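Working notes for the structure below.
Predicted model, so just to flag it, every value in this text is computed and none were measured.
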Amino acid sequence: MSAYKKIKCNIIDKETLVKALSSIGFEPLVHDLPQHLRGYRNDIRKDTAEIIVPKEQINSLFTGASNDLGFKWNEEESKYEIVCSDYDSKFKIDERVVQAYTKVVIEEALEKQGYKIKVNIADEDLKKRKQAQIEIVARKLI
């Protein structure tokens, strides 16, 4: 049984997080109150989260024997913590989420300021097992 760990990150916006998760192929479950996460054998864990990516989605795209992936709101710090199992962390699932979130944040900020952006990788490529480096080029005529 793989233990969960909380990973600190700078994910602060729920809608942006959901959009980022969607960009890498997940359909997260969003709850008002924290729900228990499930382990790879469908066992209920003590760890909870408000936003959950079911293990079946992670299995089909990346790993094969995953646990649920959670995002728990930390009221004190006003940001989410990633609740990820040690097993899934080996596959860099947490890093993929942070990368996708950062991409969405940068793209939205640049678009709001009138920049045209070009990204070297399509969202479809973010769903592949091998993690890719992302380059974003922004241009604005003034």
| query | Do the side chain of S23 and the main chain of A20 share a donor and acceptor less than 3.5 angstrom apart? | reply | yes
Just verifying a value: how many Å separate [X] [atom1] and [Y] [atom2], rounded to the nearest 0.5 Å?
{"X": "L37", "Y": "K72", "atom1": "CG", "atom2": "NZ", "answer": "9.0 Å"}
{"X": "C84", "Y": "E95", "atom1": "SG", "atom2": "CD", "answer": "9.5 Å"}
{"X": "S85", "Y": "Y40", "atom1": "OG", "atom2": "OH", "answer": "10.5 Å"}
{"X": "Q57", "Y": "I52", "atom1": "CD", "atom2": "CD1", "answer": "11.0 Å"}

Over all heavy atoms of both residues, which pair between [X] and [Y] is shortest? Give the atoms and the distance, please.
{"X": "Y101", "Y": "N10", "answer": "CE2-O, 3.7 Å"}
{"X": "G25", "Y": "L61", "answer": "O-CD1, 3.6 Å"}
{"X": "L69", "Y": "V83", "answer": "CD1-O, 3.6 Å"}
{"X": "R96", "Y": "F91", "answer": "NE-O, 4.0 Å"}
{"X": "N120", "Y": "E135", "answer": "OD1-N, 2.7 Å"}
{"X": "T63", "Y": "D88", "answer": "CG2-OD1, 4.0 Å"}

Less than 4.5 Å apart, any side-chain heavy atom of [X] and any of [Y]?
{"X": "E81", "Y": "K6", "answer": "yes"}
{"X": "R38", "Y": "E56", "answer": "yes"}
{"X": "V97", "Y": "L17", "answer": "yes"}
{"X": "K118", "Y": "I136", "answer": "no"}
{"X": "K14", "Y": "F71", "answer": "no"}
{"X": "P54", "Y": "L29", "answer": "yes"}
{"X": "E108", "Y": "T16", "answer": "yes"}
{"X": "T48", "Y": "Q35", "answer": "no"}

Kindly work out whether a path of hydrophobic side-chain contacts (I/L/V/M/F/W/Y, heavy atoms less than 4.5 Å apart) joins [X] to [Y].
{"X": "I134", "Y": "V137", "answer": "no"}
{"X": "V119", "Y": "L21", "answer": "yes"}
{"X": "V30", "Y": "V104", "answer": "no"}
{"X": "I11", "Y": "F26", "answer": "yes"}

| query | Taking it one step at a time, do H31 and I51 satisfy side-chain contact (heavy atoms from CB on, under 4.5 Å)? | reply | CA-CA 6 Å; H31 304 280; I51 300 174; over 6 Å; no
| Looking at K92 and D94, does any basic side-chain N land under 4.0 Å from a carboxylate oxygen? | no
| request: Using a strict 4.0 Å threshold on nitrogen-to-oxygen distance, state whether K103 and E107 make a salt bridge. | output: yes
| request: May I have the step-by-step check of side-chain contact (heavy atoms from CB on, under 4.5 Å) for R45 and N67, ending in yes or no? | output: CA-CA 10 Å; R45 302 294 184 88; N67 303 278; 3.4 Å; yes
| message | Counting only heavy atoms not in I44 (residues, nucleotides, ligands), do more than 12 fall under 6.0 Å from its CD1? | response | yes
| query | Taking atom NZ of K46 as the centre, does the number of heavy atoms from other residues, nucleotides or ligands within less than 6.0 Å exceed 12? | reply | no
